[in-house]
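Reading through the structure tokens given below for one structure.
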Amino acid sequence: MQICAERMARAAGRGGDAGLRAPAASPTSARPKACPGVPPPMRLTQYFLPVLKETPAEAQIASHRLMLRAGMIRQASAGIYSWLPLGYRVLRRIETIVHEEQQRAGHIPMLMPTIQSADLWRESGRYDDYGEEMLRLRDRHDRELLYGPTNEELITEIFRTGVASYKELPLTLYHIQWKFRDEIRPRFGVMRGREFLMKDGYNFDLTKDDALHAYNRHMVSYIRTYERMGLKAIPMRADSGPIGGDNTHEFLVLAPTGESGVYYDRAVTDLTLGERAIDYGDRAAVAAICTDWTTPYARTDETHDPALFAALPEARRVEGRGIEVGQIFYFGTKYSEPLKALVSTEEGERVPVHMGSHGIGVSRLVGAIIEASHDDRGIVWPEGVAPFRVGLVNLRQGDGATDAACAALYGELRAAGLDPLYDDRDERAGAKFATMDLIGLPWRITVGPRGLAAGKVELTARRSGETEEMSPAEAVARCTEIYRGH
RNA sequence: CGGGGCGUAGCGCAGCCUGGUAGCGCAUCUGCUUUGGGAGCAGAGGGUCGUAGGUUCGAAUCCUAUCGCCCCGACCA
């Protein structure tokens with residue numbers, strides 16, 4: 001508390017957001033670090049962004065290379081990563097979008113632990129089935145524990161002791177929590193880590209129909225979630241695998257480096273939800289959206305049916321690669337029966353509930369987005385997940401007029417909620433541009449003495465490289481407009 | 001788990017075969033010059049050579065064991 005108060009006072013002492021202060025007051029003064037609730041100054045000289053000019057040898061694919069080079073992650077051990085400040089920001093952006101869309105669909109957030117008791121898994125019969133992929137632990141009393149690879153058992157246990165009547169249904173609970181699966185061979189950075197962050201949700205319904213509505217709600221909310229992240233993710237009929245169930249779709253992001261082969265009807269990539277209002281309580285409307293998305297042929301190599309595919313007109317057949325970023329299941333009473341998740345019906349009968357589970361690979365999405373959106377200079381973040389909305393580049397650090405213009409613009413961008421990253425390092429233009437391109441901020445405002453003489457700054461789109469000159473006020477207005485709705 | 005490879009400065013690597021002062025590039029620090037796409041010059045700091053044994057007058061180098069990491073394969077959100 002005290003430390004926080006001190007930092008706040010120090011921040012206030014230099015003009016609130018530090019916008020007008022000269023860099024590095026003295027070498028001995030501690031850098032201000034983030035306090036809860038107090039956004040740290042986002043000046044590059046005060047941030048922690050360890051970018052690499054050279055590519056680390058172990059990284060094989062673009063997203064892994066770029067995440068290491070851009071100072072987003074650092075490997076702690078095989079398949080286990082620290083999330084450095086820039087990577088953590090992206091992770092949080094993705095998490096926030098997932099939370100927002102889940103709650104819009106009426107699903108309730110909670111948090112279950114990473115460590116679970118083995119007993120519960122014996123009850124469901126999966127303790128032995130799961131095999132070596134499950135990390136097993138013992139505590140000091142020699143009790144058997146495990147690091148959760150998923151949460152069906154735990155959530156069902158919570159449900160069965162908390163819900164007894166059909167009147168409390170329907171119910172969908174979810175959480176975003178770290179999982180551990182002891183992959184034989186982790187690789188590709190966060191795309192296939194052993195520890196990963198996943199949103200997993202579980203629906204509890206009285207009837208199969210209700211549960212299928214929950215399934216549809218998830219499909220629609222997932223489509224919207226991925227759209228907001230700038231991704232084209234296609235639901236594809238899938239195999240159920242060890243989780244079980246007879247109704248399941250996987251969501252695949254199209255990317256040439258994907259692990260799965262995908263076959264789909266071009267028509268499916270033309271579909272978008274956009275800004276349309278969705279009433280998640282309207283079963284018919286939700287089901288209709290699902291029908292739109294699942295009617296065109298779209299399958300992975302696991303479920304691909306060449307004959308069906310060949311029946312499509314040739315111009316609409318697309319073969320490619322995809323990265324799985326989510327999966328939804330309806331599995332009926334597979335867990336509620338053995339785990340005795342029962343509710344009383346109107347007639348007073350005790351019946352097992354119908355369940356489904358639904359996952360989004362949050363940490364994997366960071367890699368998947370990069371795979372889908374990068375070029376030879378670095379990452380190109382979609383607006384929805386950019387770690388900073390706007391990069392501000394000062395081309396003549398130390399020049400009074402340029403510094404003042406940057407400080408003023410920085411303040412205005414912050415005031416407008418545009419979350420800028422201000423490169424105030426004493427570096428040459430080329431180095432600053434290279435860093436900005438590498439970390440992939442979608443919009444860059446460049447301020448130099450040349451343009452400033454005419455009262456102009458430059459606004460550059462990372463994706464296209466197009467640059468436009470305008471006044472600082474116009475630049476702020478344009479960025480505000482661009483980010484409206486994000 | 002089968003096959004292959006690698007551990008030497010923060011990163012990328014050379015040195016090992018043939019044992020004898022631990023090197024190069026980038027990064028970092030200092031100074032000067034430079035300043036619109038990863039600057040130049042001069043100087044400086046930083047490494048128990050993954051770890052443990054062994055052989056030897058002497059080990060980064062040879063031998064043994066062990067740990068870690070990467071790649072290919074079967075498996076996976």
Side-chain angles (χ1 to χ4, degrees), chain A residues 27 50-61 64-65 68-69 71 74-80 130-134 148-151 176-201 222 233 238-243 248-253 258-260 300 302 322-329 357-368 377-378 393-399 402 423 425-438 444 446-453 456-458 460 465 467 469:
Chain A
V51 300
L52 304 173
K53 212 177 211 175
E54 286 169 288
T55 303
E58 75 269 18
Q60 301 300 309
I61 62 168
H64 191 194
R65 277 199 300 271
L68 290 166
R69 285 196 56 211
R74 185 161 296 175
Q75 182 168 329
S77 103
I80 302 177
Y130 228 92
E132 291 297 304
E133 210 174 285
M134 184 151 73
T150 178
N151 286 62
I176 297 178
Q177 177 62 292
W178 293 93
K179 307 290 188 289
F180 195 92
R181 294 185 191 173
D182 200 357
E183 296 279 345
I184 298 166
R185 186 153 86 86
R187 58 184 128 173
F188 306 143
V190 301
M191 298 277 286
R192 176 101 176 261
R194 292 193 294 171
E195 188 186 47
F196 58 96
L197 188 62
M198 181 165 108
K199 170 261 162 185
D200 46 320
Y222 279 25
D239 271 339
S240 56
I243 293 182
T248 176
H249 281 85
E250 290 179 336
F251 287 79
L252 278 289
V253 169
E259 296 179 84
S260 313
T300 66
E302 285 178 358
I323 302 165
E324 188 190 337
V325 292
Q327 188 160 10
I328 57 179
F329 297 92
S357 74
H358 320 274
I360 293 180
V362 173
S363 49
R364 167 179 278 198
L365 269 167
V366 180
R377 296 201 309 270
V393 170
N394 182 340
L395 289 182
R396 190 70 62 85
Q397 205 71 44
D399 173 76
T402 315
D423 188 348
R425 294 174 303 167
D426 188 15
E427 287 287 345
R428 301 161 67 89
K432 293 191 176 192
F433 291 149
T435 298
M436 282 294 173
D437 288 346
L438 175 62
R444 184 183 83 206
T446 309
V447 181
R450 212 163 65 192
L452 221 46
K456 303 281 190 192
V457 299
E458 290 163 21
T460 303
T467 293
E469 288 206 338

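The chains referred to below are lettered A, B, ... by the order of the sequence lines, with proteins before strands, and numbering in each begins at 1.
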Next item on the list: Mind checking A/Glu132 for me? I need base, sugar-phosphate or nothing, with any heavy atom below 4.0 Å counting as a touch.
Entry: nothing
Next item on the list: Please measure how far the C1' atom in B/G58 lies from the corresponding atom in B/G20, and state the result in whole Å.
Entry: 7 Å
Notebook entry, point to check: Quick one: A/Glu58 CD to B/G50 P, roughly how many Å, whole number?
Noted result: 17 Å
Notebook entry, point to check: Hey, does A/Gly448 reach any base, or is it just sugar-phosphate, or nothing, if we go heavy atoms under 4.0 Å?
Noted result: base
Next item on the list: Using only side-chain N and O atoms of A/Gln327, determine if any of them is under 4.0 Å from OP1 or OP2 of B/C76.
Entry: no
Notebook entry, point to check: Has A/Ser77 got a side-chain N or O lying under 4.0 Å from the OP1 or OP2 atom of B/C69?
Noted result: yes
Next item on the list: Report the residue (A/Val325 or A/Gly430) whose heavy-atom-nearest nucleotide on RNA chain B is the more 5′ of the two.
Entry: A/Gly430
Next item on the list: Using a heavy-atom cut-off of under 4.0 Å over every strand shown, decide if A/Gly367 touches base, sugar-phosphate, or nothing.
Entry: nothing
Notebook entry, point to check: Under 4.0 Å between a side-chain N or O of A/Lys53 and OP1 or OP2 of B/A27?
Noted result: yes
Check: Which listed nucleotide (B/C75, B/C69, B/U35) is nearest to the side chain of A/Glu183?
Finding: B/C75
Next item on the list: For B/C41, give its Watson-Crick or G-U wobble partner with both distances under 3.5 Å, or none.
Entry: B/G31
Check: B/A74, B/C76, B/G37: which one has an atom nearest the side-chain heavy atoms of A/Arg377?
Finding: B/G37
Check: Base, sugar-phosphate, or nothing for A/Glu250, non-hydrogen atoms under 4.0 angstrom?
Finding: nothing
Check: Where each residue is assigned the nucleotide of RNA chain B containing its nearest heavy atom, which of A/Leu452 and A/Met198 is assigned the position nearer the 5′ end?
Finding: A/Leu452
Item checked: A/Arg187 side chain, from C-beta outward: closest of B/C71, B/G38, B/C11 -> B/C71
Margin query: Working to the nearest 0.5 angstrom, can you tell me the gap between A/Gln75 CD and A/Ile80 CD1?
Written below: 9.0 Å
Next item on the list: Starting from P on B/G36, measure out to CD on A/Glu469 and report it in whole angstrom.
Entry: 16 Å
Note to self: Within the 4.0 Å heavy-atom criterion, would you say A/Ala434 contacts the bases, only the backbone, or no part of the nucleic acid?
What the structure shows: base
Item checked: B/C1 versus B/C16 - spacing of their P atoms, nearest Å -> 35 Å
Item checked: Value in whole Å for how far the C1' atom of B/G38 lies from CG of A/Asp426 -> 15 Å
Notebook entry, point to check: Across the strands shown, which category fits A/Arg69 at heavy-atom distances under 4.0 angstrom: base, sugar-phosphate, nothing?
Noted result: base
Checklist line | Whole-Å gap separating C1' (B/C70) and CD1 (A/Ile80) | finding: 16 Å
Note to self: Would you measure the distance from the P atom in B/U8 across to the matching atom in B/C13 and give it in whole Å?
What the structure shows: 10 Å
Note to self: Distance check needed: B/G38 P versus A/Arg425 CZ, whole Å only.
What the structure shows: 14 Å
Item checked: Watson-Crick/G-U partner (both atom distances under 3.5 Å) of B/U61 -> none
Next item on the list: Please work out if A/Glu458 contacts a base, only the sugar-phosphate, or nothing of the nucleic acid, heavy-atom cut-off 4.0 Å.
Entry: base
Check: Do A/Arg192 side-chain and B/C75 base share a donor-acceptor contact under 3.5 Å?
Finding: yes
Next item on the list: Please state whether the phosphate of B/C71, meaning OP1 or OP2, lies under 4.0 angstrom from any side-chain nitrogen or oxygen of A/Arg185.
Entry: yes
Notebook entry, point to check: Going from NZ on A/Lys179 to CG on A/Asn151, what distance comes out if it is rounded to the nearest 0.5 angstrom?
Noted result: 5.0 Å
Note to self: Rounding to an integer number of angstrom, what distance separates B/G7 and B/U51 when you compare their C1' atoms?
What the structure shows: 11 Å
Note to self: Please give the distance between the P atoms of B/U61 and B/U18 as a whole number of Å.
What the structure shows: 14 Å
Next item on the list: Provide the distance between the two C1' atoms, one in B/G53 and one in B/A27, to the nearest whole Å.
Entry: 37 Å
Margin query: Classify A/Arg65 by what it touches in the nucleic acid, base, sugar-phosphate, or nothing, heavy-atom distance under 4.0 Å.
Written below: nothing
Notebook entry, point to check: In the strands shown, is B/G23 matched to any nucleotide by a Watson-Crick or G-U wobble pair with both distances under 3.5 Å, and which?
Noted result: B/C13
Margin query: So, taking the atom named OG1 in A/Thr435 and the one named NZ in A/Lys53, what distance separates them when rounded to the nearest 0.5 Å?
Written below: 9.5 Å
Checklist line | Side-chain donor or acceptor of A/Arg65 paired with backbone N/O of A/Gln60 under 3.5 Å | finding: yes
Note to self: Could you tell me the Watson-Crick or G-U partner of B/G47, where both distances fall under 3.5 Å? Say none if there is no partner.
What the structure shows: none
Notebook entry, point to check: Could you give the distance from NZ (A/Lys456) to CZ (A/Arg450), rounded to the nearest 0.5 Å?
Noted result: 15.0 Å
Notebook entry, point to check: Across the strands shown, which category fits A/Asp200 at heavy-atom distances under 4.0 angstrom: base, sugar-phosphate, nothing?
Noted result: nothing
Check: Touch check for A/Arg396, heavy atoms < 4.0 angstrom, all strands: base, sugar-phosphate only, or nothing?
Finding: sugar-phosphate
Checklist line | Side-chain donor-acceptor contact under 3.5 Å, A/Gln327 with A/Thr248 | finding: yes
Note to self: Treating A/Arg194 as the side-chain partner and A/Ala78 as the backbone partner, does any N or O pair qualify as donor plus acceptor under 3.5 Å?
What the structure shows: yes
Next item on the list: Measure the distance from CD1 on A/Ile184 to C1' on B/C69 and round it to the nearest whole Å.
Entry: 18 Å
Next item on the list: Taking atom P in both B/U33 and B/C49, compute the distance separating them and give it to the nearest angstrom.
Entry: 43 Å
Margin query: Please confirm whether the shortest side-chain N or O distance from A/Arg428 to OP1 or OP2 of B/A39 is below 4.0 Å.
Written below: yes
Note to self: What's the gap between B/G47 and B/A9 when it is taken at their C1' atoms, as a whole Å value?
What the structure shows: 5 Å
Check: Base, sugar-phosphate, or nothing: which does A/Glu54 touch, judged by heavy atoms less than 4.0 Å apart?
Finding: base
Note to self: Between the base of B/C76 and the side chain of A/Arg181, is there a donor and acceptor pair under 3.5 angstrom?
What the structure shows: no
Next item on the list: Tell which nucleotide pairs with B/C6, taking only Watson-Crick or G-U wobble pairs whose two distances are both under 3.5 angstrom.
Entry: B/G68
Check: Which nucleotide sits closest to the side chain of A/Arg364: B/C76, B/C69, B/C11?
Finding: B/C76
Next item on the list: Check whether any side-chain N or O of A/Ser357 sits under 3.5 Å from a backbone N or O of A/Gly201 as a donor-acceptor pair, and report yes or no.
Entry: no
Next item on the list: Write down the partner of B/G73 under the Watson-Crick or G-U wobble criteria, each distance required to be under 3.5 Å.
Entry: B/C1
Item checked: Least distance between heavy atoms, A/Ala368 atom then A/Val325 atom -> CB-CG1, 3.7 Å
Notebook entry, point to check: So what does A/Ser363 touch, heavy atoms closer than 4.0 Å: a base, only the sugar-phosphate, or nothing?
Noted result: nothing
